[in-house]
Every structure is written in C-alpha cells, then in structure tokens.
Amino acid sequence: LTRHDLGREKLVERIWEWKAQYEKRILSQLKQLGASCDWQRLRFTLDDQCARAVRETFFKLFADNKVYRGKRLVNWDTFLQTAVSDDEVFHEATKGHFWHFNYPVIGVSGEGPKPGEPTHVTIATTRPETMLGDTAVAVHPDPAKAFDKVSAELREKIIAASSKEKGELEEQATLLLARRAKMLPQLEKLRDMALRQVQLQLPLTGRTIPLICDEWAKPELGSGCVKITPAHDENDYQVWQRSLARKGVAIGAINIMNTDGTLNENVPEKYRGLSMKKAREAVIADMEVAELLVETEDREIELAHSDRSKTPIEPYLADQWFVKMDELAESAMDAVSDGRVKIVPERYKKTYLDWLSEKRDWPVGRQLWWGHRVPVWTKRFEGLSQRDSIIAESTRIDDAIGYGDDTCFTMSHDPDGTDGVAYLCFRVAQPEGEAEAESLGYIQDDEVLDTWFSSALWPHSTLGWPEQTPELAHFYPTSTLITSRDIITLWVARMVLAGLYNMNEIPFHEVFIHPKILDGYGETMSKSKGNGVDPLDVIEKFGADSLRFGIAYLCTETQDVRLPVEFECPHCHALIPQTKKNRTLPRIECDKCKQPFGTQWALSYGTAEDQALPRGAAVSERFELGRNFCNKLWNASRFALMNLEDYKAATAGRADVKTATDGGVFVAEKELLLEDRWLLSRLATVTGEVTEALDQYRFADAARALYGFAWDEFCSFYVEMVKARFAVAEQKAVAQRVLAHALDTLLRLLHPMTPFLSEEVWQLLAEVAPCRGLTSPARPAESVCIAEWPKVDTIWIDKSIEAQFAKFQTVMGAVRNIRMEKNIPPREPVQFSVKCDAETVKLLKPMEPYFLSMAGATATAWGPKVTPPERSASKPLEGMEVHVDISAFFDAGAERTRLEKERDQLAKFVDSLNAKLSNENFVSRAPANVVEEQRAKLAEVRGQLQSVEAALGKLE
RNA sequence: GGGCGGCUAGCUCAGUUGGUUAGAGCGCUACGUUCACACCGUAGAGGUCACAAGUUCGAGUCUUGUGUCGCCCACCA
C-alpha cells in the first residue's frame, strides 16, 4: 500500500496501529520479566516534548534567517512512494536502449539554419519520456580540446595497462582518432551555432529550446550532443546551474512529474496523467510518426536503483526547505577540533570534520506524511497591492493570537518581479492563529521535517527543552554517546550543532563509535532483508547475560563483526543456517525433522496456515561462548558458596600482618600460600586491565581479560587447588577468605557484562560471607550494581610470584602431557621426579598435593642430582627436567618416536638461533639485550637438546 | 570517483612501541563422567599472516603498489 492509496489520515492511523502492536508485545515481555512501565504516559510525554522542541527549533532558525526555500533534485522512488501499479514502473536493471532523436533546427528568431548548417540535431537518450521536460541541447564548447584530452587519457592508460588490455585500448584509440576526423567539423559548426544562440524545435511540445555550450556534452560519445533535462537528471541539473552562473543564455528547468509518478500539467495534454513508463511508449511512437526517431540501439545502462524497491529512481526537481549551515557547521567543527567533544576511535574525527567542512546547506523537507510537519503557512501574492494587503493581514493574525514574539512573517519575491510568496511561521501549535491564517488563504506546507531534524535535538529535547527543567540542568551535557559509524554525519554532527545552537553547549563529551554486526555474508542486518537476529530470541535461547557478554566480547576496535545466523527448529531444535534464499520466507522446512515452522515473516505476509505454525527463532551460535562462560561462572560460584558455609571473616588489627595500600589488614603474610599470592597478584593485574579497557571503550579487551582469568586461572587452577586445602582443617580458613575475596572482586568486575548472574551470586555470597575483604574486612554494598568498582591493589602485584607459579604450571603441564602421550589411564597413579635447582625445589615441593589431585602424580624426588628412573618418559623444560616413571606402560618404540620428534623440533630451533647469532649484522646492530636474550635462549635450548639426546641414548 | 576499514587455523576473531617456534573460542581427533561444571575436563592435530616490491640485523606488525570484500560520501573532503 502506498500513501496515495490511503490518504494522510488513514496512513497516520495505520502507523499508530503498528506502533500499538509493537508496544503490546514489548509490554507483555516487560510483564513477563516482572517489570512495570507506564508506557502510555512515557510515550505521550516524549512525543509532546519532541514536537514542542522541533517547533521551537524550527521557529528559532526561521526567525534567525537560517531557513530558506530552495530547489534540489529529489530522488523519487516511484515504486514505494507512488500510486502507480507494479507493471507501470521500470524494473530492468541494466538492459535498456538508446533512442536517437532528431530535433529540428529553427535558427535564430525562426529564420532556419544557415546554408551548410545541419537541419537537425541528433541526441540519444535512455529515458525518452524526459524529452518533454528538455530545456536545451548542449554541445561541447571546445570539441577539439575535448578530443585531445580523451586521447591523452587513453594514451596514459595504454602505458599503464597490461599487455592483455593493451590491444583493446589501442583499438579504442584508433577509433577515437577516426571519429575525431569525421565529426570535429560538424561539432565545431554546432558549437558556433550555439554561440549565435540558435534555437531548436522540441518535438511533440511546440516549445523551442536553445542550443548551448557546456562541458557535459561529450564529443566522444553518441552524436556529441546531449539533451538537457534539468528537473530530472543530476548532471543536467548541474548544466542548468552553470548556465545560471554564466553570462548569456540561461536555460530553464521544467518539472514534468507529479509526486505520484505521473506526468503533470507541464506536458502536452495527451501525455498528462500517464505513468513515466506509459509516457515512454507514447513518446517513442509519436516520434516515429513524426519521422524524428533515427534509430534504436540496445545498450547496457546503469541507473540508480532504490535500495528498497529495486526499481530505478526518478529524480525530479522540488522546492525544498533548507537550513543554512555555514555558522552551524563551523560551531560543530570547533567543538571537535578543540577537544570539547572527543571521538573514539579517533580516526572517525576525519569523517566528521570532512563532512562538516563542506558546510553544505541542509535540505530538511521530506515528501512524506509521517513526521513533524513544517510549521509554515504560505500564501502567494501577485503585484504590489496584494503584497501590501498581505502585510496588513499578518499584523491581524498577530493580534488574533495576542503575542507577537511567537509568530514570524517573511516574504520572498520571484526573481523577475513584484510577485512572490508570504510565509508565516508559528512558534507553538496555535489553533486560532492557524485557523485565522487559513481563512486568509494561507496553506500549511505539506512537507515534514527530515527525521534527523528531530533526532538532532534528542540530547536536550528528551530532557524537556525548551523548558528549563531540573533534568536538563542536571543531565545536560551527557557523558557519552555510543553509536554506529554510518550515522556520524547524519546524527552525531547534527546533535552537536543543534545542541550548540539551542543550548549554547555541547550535547556530550565523548562519542564512542562501535563496530557493526553483519550477517554471515558480511551484509548489514536489516528488517527488510530479513537477515537479522532477534535479541529476544537470543535471550530466550542463551540468556540475557550471554547476549550481553557475547556482544562485549565481539566489540573490538577496528572490525565489523560477522554473525552467521541460524534458525532454530521449534520441533527438534536443530539449527538451520540462514541463507539469502530462506531468510525471506514465511515458512521453512527443517533440514533434520522435515517439519515446517514459521519465521518472523509469517505475520507480515504468510498465509493463515503459516501463521499457525510454531515460530523458529533466529539466533546465532556465536552466543554459545557467552552462555558457556556464564554457565562456568555459575558452577564455580556454586562450588565456592558450598564451601564457604563455615566461613569466618578475618580479624582486623593483628600485629603480624602485611599492611595494605589503604592501611587495612588481612591475614598474616606467612599464612598465604604461593597460590594465594599468585591469585591475588593476578586479580590485581586483571582488575587494572579491565578498568583501563573499559575506560577506553575497549569492551572486547575487558571481556577477553575476564574470560581468560575467570576460566583458566580462577577455575582451572585456584578452585582446583583450593579443593585440596578445604580438606585440611588448619588451611581451610585462609583459603576461604581468599576465595571469598576473589569471588567478590570478580563479581564486581563482571557486573557490567553479566549483570544478572553477578547480582544473583552477590546476594548468595552475602548470605554465607557477609563480611569480607582483603585489606579491611567489611560488609559490602547490598547490591553489586552499586558496589564500589574494585581498586587495583598494587601491593599484591608480584611478577616473581607469577613467574614461580608459571613454573608449577609448566611442570603440571609436562606431567599431564606425558600421561596422555603414554596413554596412561586417567585414574592410574604415576610417579615422577624433577631435576631442578634447590630454589625450585623449595618452591615446588609444597605443591605435591596438587600434583596428586590435579594430575594423579606422586613426586618421588626433587633436586639437582635427580636421575631419571630406569624406564621413564622425560621432558626438558626451562631449567628443569621432568621424568615420569612409566615402567608399567613402557614402550621403547613409542618413547623413541616421541623423543625423536622432540629432538627434531629442538634441533630446528637451535639451528635458527645459531643462524641468527652467527649473523654479524644481527650481533652488531640489534640492541644488546635482544642479542643477550637470544644467547641465553640458545644455551637453554641446547641444554634441552642434550637431555633429550641423553634420554634417547639411554633407550638404545 | 573520493575517504575509511577488513583480508591471520575449516569458521568467527585477538595479536600492544618491529624481537623467542603467531594466539583464543567454535569445529575436528584421542582419552575421561567420582566428589562445582559434558553448556565439562585433559591432551592433540590444524597457519606461505591476501599478493608483490621496499625499509631493517630482523616484518603478521612499518612504507608503497595490486587484488578483494564491506561501509560512508558523491560537481568539491
């Protein structure tokens, strides 16, 4: 349905119906979540406020002389915005024809062509119907020069071209030369005719049009002459503009199209009311009858197409409201240049500044029927007397309303006389004033304002402007605007300039431009394409925190994100990939269970049967990451809570304690085990990383840091280790305190990304451990969302502790690795020994219980003099050797294979290091520390290689 | 046509100021359900970092060019 089918009132009614449907859905979902919302009140408040602010702004601009009436070409989507039926619009995308027409020459003041001059000018067009709006035919002002220029360009191309393309290009050059020889005299003759202002007969219309000179005519194409239709073609429009700027012949512009896509009263009667497509047929037929159709040529043509209807766009000339941008744009540029508004990432500053620097006036009118209507009433006048009476009337209207500040009256005159238009603008809706104006013959403008006009006011209009509300005073300017890059110019720039204009103050301090989510094919998700995911479906399937965390995880600085979409079969829960084909279908059959289900389209254009089908959700597997993570967190939290039942807070003020950053106290330092100090160090480091990442809008970095820490360090190591300590009475209390504290901090850090989960655990944690904290045990906030953001406890950050712990992890990894490679059954106990220095022994010996619980391995010996058992699998590590006794599983062949593989790898590494170090350039030019590092590495790896070779030798 | 960005494992993406043998999740392979978690655990396989030239002792990282995909703007950045 188009607006013409319905009429304005019905259309608006329909839109409200659609809105109401959406609201109902949202409301019911809010209810399910237990939320309440006075939606009606909110909606009307916002709508009223918005309308008021729009009118106020427009009035200010109008009174400030920043609004004017101008002309521009509007790209008209004939299919979507007009009443013509589907078969009356052009659908061909690239196939088309060139029609060659002859326009008779009637010379200067009708005396006909001079002897030797052509009697006809031939033009070619892909859109014959537009000839009814022609206002000139153009020929190049200097065809010889134009030919030379094209030839020169072609020659440059030939030089740069590959040999394959060369032949073709050279052929083109030859043709061009031949054409030049043949056509130049004729074109120069036409140019001379244009200079003496020769007129042509425009067939079918009875009008005469001038032959003019303009660079748009291309001597190398067609006949070298081009018809000019300024009201329906962008390039012709430019020709018109140039002709106005030049002295001499100024051509006109005739719009031949109604807004419903039919021809208007500016064409001869027989064509009026025809659609453009029908008019084309008629024009061609009539030209043929008049014997002015020279030939028809098949051609591939490029036309601008509407993104939505896929039909070609019909440009047409329209009178429009413009807002002058010079001062406004300047103010918005300054705000960013001098840093009052900071754009993140910074490269988008360029987009913003470049666009504004053009200071192109903003056409604010739109030929739609929904939106804020332009609050201007107009009345045409002819002659001075009418003009004077209109001025008198305007005073009367003012009087009728009673306050003159709220109306603004201006007039514009036609360029050529005393006729013109009077404009009345009302500041606020004034039924009496408007009625008075209408009774005097004023008509309200039919256009509505660009949607970005009201959007530009968003930061202050939503806070009640133009009233000076407390909200406005408190919240304006806001802190950060978060948006997508494709509306930096449309929205961000305009919000800044509107804010500065209305409020005299920027609307926000920072603008964060986030990446954009695309579908699996790299296309922008959109409702009309049907390739989106419904966040509500994602929440239904994966959970709200999973969605939120998943999005944060994807929010990297540079990249757009591809999100392959799948339908979830409501019957068997299989996932069916969304394809370009199935994404617009109202019903789909499941690949797996072969049962049909409905999609989001079932409601809009499915049959009743489709609508009755259960709906398949549109989701993406990429949110599994978030779901798994949340699940992991939940289970780890459950474990912690279970084991904190007899938790006792630490007592403050003990003498033998480590003093923390803020002077508070915890447990004795000597009570803390290596793993505690490792965890606290990591926790402090990660807190710093997350805080910094969030401060800089690096959401993915924050999410990744938390994911890695929570899963690989907190769960996989600390929680695993703490299990063993809970079994030992005297170790339990300290472990509990550290665990409670770590979980507490982790929840605070996670809260921005997993608010529901962290809040739930926070509440449960408060039950078992109401008083917690490292430095000064205290009762935390009653909700995590108001809990203080964790500070970085730098006192715990200890790189040497982390390095020591890494040693433990490496040995653990080596033992596990050997177990797997030797196919030792998981529950089979093994024994191992480690050759290492005395310091490492001190470090690792206390960890023996963990080797048992986490790798099923018992240590038999530690120290520098350890020798491998008779039948063992060995692994060289940095400064250590791990030997696992595998007498029960010994397989000499397999062990040899493993060692040989290891040897080859190490040998390769040694070679590459050797090569580097024997390169004199490297040794002399690289920084000393880098060279030293490489040397140390080489020594280390050589040692490892030797031990592998020794183990191999022993096997023999 | 101009501007911006992407191209790294089968897929989706990280990769700081150039410096060890380039990482993660999913998927894949093998093994494992007994004490938080199979939405799990342990281990493993998998990469000519789009291509070409250059700078450098050394390039995924810097420079230039080419290809390709995407977005924005298009008489003008």
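Lettering follows sequence order; numbering is per chain, from 1. All of these numbers come straight from a predicted model, not from anything done at the bench.
No donor-acceptor contact under 3.5 Å links the side chain of A:K350 to the base of B:A77. Remark: the A:R485 side chain and the B:C72 base include no donor-acceptor N/O pair separated by less than 3.5 Å. In the interface, the side chain of A:E720 is paired with the base of B:A36 through a donor and an acceptor atom under 3.5 Å apart.
Each of B:A30, B:G19, B:G70 was ranked by its minimum atom distance to the side chain of A:M820; first place goes to B:A30. Ranking B:C37, B:A45, B:G19 by closeness to the A:K901 side chain, first place goes to B:A45. For A:R816, taking side-chain heavy atoms from C-beta onward, the closest of the listed nucleotides B:A77, B:A43, B:C13 is B:A43.
For A:R627 and A:D545, the salt-bridge test fails: no basic side-chain N is under 4.0 Å from an acidic carboxylate O.
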Can you give me every donor-acceptor pair (side chain of residues 927-935 of chain A, partner residue at least two apart or in another chain, under 3.5 Å) with its distance?
none

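In this structure, B:C35 forms no base pair with any nucleotide, since neither Watson-Crick nor G-U wobble geometry is met with both distances under 3.5 Å. Pairing for B:U61 is absent, judged as Watson-Crick or G-U wobble with the two contacts each under 3.5 Å.
Residues that satisfy the side chain to side chain donor-acceptor pair (under 3.5 Å) test with A:D334, not counting sequence neighbours, are absent from this structure.
If you measure from atom CG of A:L757 to atom P of B:A36, you get 19 Å, rounded to the nearest angstrom.
Annotation: B:G18 and B:G27 have their C1' atoms spaced 33 Å apart (nearest Å). Comparing the C1' positions of B:G46 and B:C37 gives an interatomic distance of 28 Å, to the nearest angstrom.
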Check: protein-nucleotides 21-28 of chain B nitrogen or oxygen pairs below 3.5 Å:
{"residue": "B:U21", "atom": "OP1", "partner": "A:S912", "partner atom": "OG", "Å": "3.3"}

